[in-house]
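The structure appears right after this line, and notes come after that.
Since we're looking at a predicted model, the values are computed, not measured.
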Amino acid sequence: MFYSFPVTLIVTSVLLVYRILMGGSGMIMGIMVILTSSALGLLWKTQPRINVKKGTWIEYYTLGLAVHLMMCIYMVLLPKEVAFSTLINVGIPVLITYPLVTIIVGKLLSFQIIQNEQQVKIIQAEKKIRGIFDNAPIGIVNLTLETKILSMNKAFCEMVGSTSEALVNTFMTDLIIPDYPEEDTAVIHQMATNKINYFTGDRLLRRNDGQRIWVTLTVTRVDDTYKKETYFIATLQDVNSRKESESLNEYLRYHDQLTGAYNPKYLDEKETEWKNTGIYPRYFLLIDVNNLRIINDAFGFKAGDELLRKVYQGLYQTSENYGKIVRFKSSEFLLYVFNLEELKIDNIIRDIRFNLSELVVENVEVSVSI
């Protein structure tokens with residue numbers, strides 16, 4: 001019922017030979033029971049309505065009852081002096097208990113078959129996934145929660161210009177050049193602690209030969225309940241050509257044309273990103289140029305433009321390693337920074353005032369309110 005016809009034929013043949021060798025007065029009965037049992041098992045298996053993988057207890061019970069009812073019938077083949085007593089002493093208990101045993105055995109076998117088939121499907125699925133993983137046209141990397149590389153595909157090795165042996169157990173963070181390190185560190189922490197499970201963005205990838213290429217990096221947290229493991233899957237798509245062609249347009253889109261600072265549109269998009277990740281800058285500094293209107297009225301807008309450019313240059317030189325500068329309004333710049341201590345913020349404010357105090361436009365000293 002559960003195995004193929006060749007297996008049934010082999011087992012039946014072995015049992016027949018064994019029973020014949022045993023001999024005795026019950027040999028004919030034993031041979032008939034073996035043949036009938038095998039035939040009934042095959043008959044049950046060939047019935048369209050019976051699926052051994054989803055067999056119900058009633059199907060197994062009727063099979064067990066049929067097999068052992070025939071067994072009782074074959075007891076008439078025993079010698080007359082023992083046939084009746086055997087039927088009474090053995091046949092009735094067999095008809096009561098053995099069909100129940102058939103149910104138990106049937107359920108156990110069907111469960112084992114289902115388990116084996118599921119295991120085969122899992123292995124086949126893993127092979128398919130491995131094939132997709134190895135031959136995907138984009139870089140794919142499996143990472144620990146600490147971003148240590150566990151495995152990678154061929155595309156990633158080619159992208160980095162290195163071998164899998166050299167890349168295993170290195171850290172992905174050593175290959176990615178972040179736009180803002182503190183921000184990326186915070187995102188990794190949020191993903192590791194399961195506060196967010198997905199991140200995507202364009203990043204610079206450091207190749208083995210020292211070159212840098214732009215990639216779209218997507219990192220997903222995977223909680224594998226089957227293997228009881230948690231890890232990251234990172235995909236990297238080479239977008240270097242697109243980034244190069246878009247670099248000028250992107251610069252114009254997000255930068256103030258006069259000073260080179262970021263513009264309010266850039267700040268709007270960063271605000272959306274902060275809302276999505278839940279990670280915000282720790283400090284915002286608003287720097288207002290005090291004398292802009294006076295210089296514009298007295299010396300014209302060219303002098304005012306020169307004042308704004310000089311203020312931005314002074315701000316950039318002071319804070320380029322700490323944060324980003326946005327031209328917030330006509331006379332206002334916004335500086336935002338992430339994980340700096342209060343003492344360092346005080347130092348930045350002091351340095352800004354010191355650097356800008358030395359600026360002069362049309363003999364007018366530059367002053368700002370912070």
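Considering all non-hydrogen atoms of both residues, I287 and I370 come closest at CG1-CG1, 4.1 Å. Counting all heavy atoms, side chain and backbone alike, L292 lies closest to S331 at CD2-CB, 3.5 Å. Contact record, W214 with N240: N-OD1, 2.9 Å, taken as the closest heavy-atom pair. Nearest heavy atoms, M27 versus R19: N-NH2, 3.4 Å. Of all heavy-atom pairs between Y198 and M191, the closest is N-CE, 3.8 Å. Between N153 and I138, the shortest heavy-atom contact is ND2-O, 2.9 Å.
Taking the charged nitrogens against the carboxylate oxygens, E183 and K270 do have a contact shorter than 4.0 Å, which makes a salt bridge. Salt-bridge annotation for D223 and R221: present, with a side-chain N of the basic residue lying under 4.0 Å from a carboxylate O of the acidic one. R206 and D174 are not joined by a salt bridge, as no carboxylate oxygen comes within less than 4.0 angstrom of a charged side-chain nitrogen.
Transitive grouping of hydrophobic side chains (ILVMFWY, heavy atoms separated by less than 4.5 Å) keeps F171 and V215 in distinct clusters. Cluster membership check: M1 does not share its hydrophobic cluster with L42, using side-chain heavy-atom separations under 4.5 Å among Ile, Leu, Val, Met, Phe, Trp and Tyr. Hydrophobic clustering keeps I233 apart from M172 (ILVMFWY residues linked when any side-chain heavy atoms are closer than 4.5 Å, directly or through intermediates). By the criterion of side-chain heavy atoms lying less than 4.5 angstrom apart, applied directly or through intervening Ile, Leu, Val, Met, Phe, Trp or Tyr residues, V239 is not grouped with L205; the two fall into different hydrophobic clusters. There is a path of hydrophobic side-chain contacts, each under 4.5 Å, that joins V94 to I103.
Only one option out of L167, N208, T163 pairs with C157 in a side-chain contact (heavy atoms from CB on, under 4.5 Å); it is L167. Of the residues listed (V168, N142, I140, L236), the one engaging M152 in a side-chain contact (heavy atoms from CB on, under 4.5 Å) is V168, and it is the only one. For the pairing with R327, the salt bridge (charged side-chain N to carboxylate O under 4.0 Å, His left out) check across D256, D288, D305 returns one residue only, D256.
Using cut-offs of 30° and 60° for the angle between ring planes, the F284 and Y336 rings count as tilted.
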| field | Working for side chain to side chain contact (heavy atoms under 4.5 Å, CB included), residues F299 and V364 | value | CA-CA 10 Å; F299 304 103; V364 178; 4.0 Å; yes

| field | Test side-chain hydrogen bond (donor to acceptor under 3.5 Å, both in side chains) applied to S38 and T12, step by step | value | CA-CA 7 Å; S38 300; T12 303; 2.8 Å; yes

| query | Between E269 and R253, is a salt bridge (charged side-chain N to carboxylate O under 4.0 Å, His left out) present by the stated rule, with each step listed? | reply | CA-CA 12 Å; E269 296 201 5; R253 181 183 179 188; 3.2 Å; yes

| message | Quick one, K310 with E306, criterion salt bridge (charged side-chain N to carboxylate O under 4.0 Å, His left out). Give me CA distance, side-chain angles, the key distance, then yes/no. | response | CA-CA 6 Å; K310 285 187 175 183; E306 181 185 356; 3.3 Å; yes

| task | Go through the steps for N290 and S369 under the test side-chain hydrogen bond (donor to acceptor under 3.5 Å, both in side chains), then give the verdict. | result | CA-CA 7 Å; N290 292 328; S369 300; 2.9 Å; yes

| Can you list the steps and then say if T102 with Y61 is a side-chain hydrogen bond (donor to acceptor under 3.5 Å, both in side chains)? | CA-CA 6 Å; T102 306; Y61 180 80; over 6 Å; no

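Few gaps surround CH2 on W274; more than 12 heavy atoms of other groups in view lie less than 6.0 Å from it. Surrounding CD of E365 are at most 12 heavy atoms belonging to other residues, nucleotides or ligands under 6.0 Å away. Counting non-hydrogen atoms of other residues, nucleotides and ligands closer than 6.0 Å to OH of Y280 gives a total above 12. The local environment of OH in Y316 is sparse, with at most 12 non-hydrogen atoms from other residues, nucleotides or ligands closer than 6.0 Å. Counting heavy atoms of neighbouring residues, nucleotides and ligands inside a 6.0 Å radius, atom CZ of R207 exceeds 12 of them.
Checked against the 6.0 Å centroid criterion, the rings of F2 and W44 do not qualify as a close aromatic pair.
Side-chain contact between Y3 and L109 is present, with at least one heavy-atom pair separated by less than 4.5 Å. Residues V33 and M29 have side chains in contact (heavy-atom distance under 4.5 Å, counting atoms from C-beta outward).
With hydrogens and angles disregarded, a donor-acceptor distance shorter than 3.5 Å links the side chain of T272 to the backbone of D268.
In this model, a donor atom of one side chain and an acceptor atom of the other lie less than 3.5 Å apart for N355 and T318.
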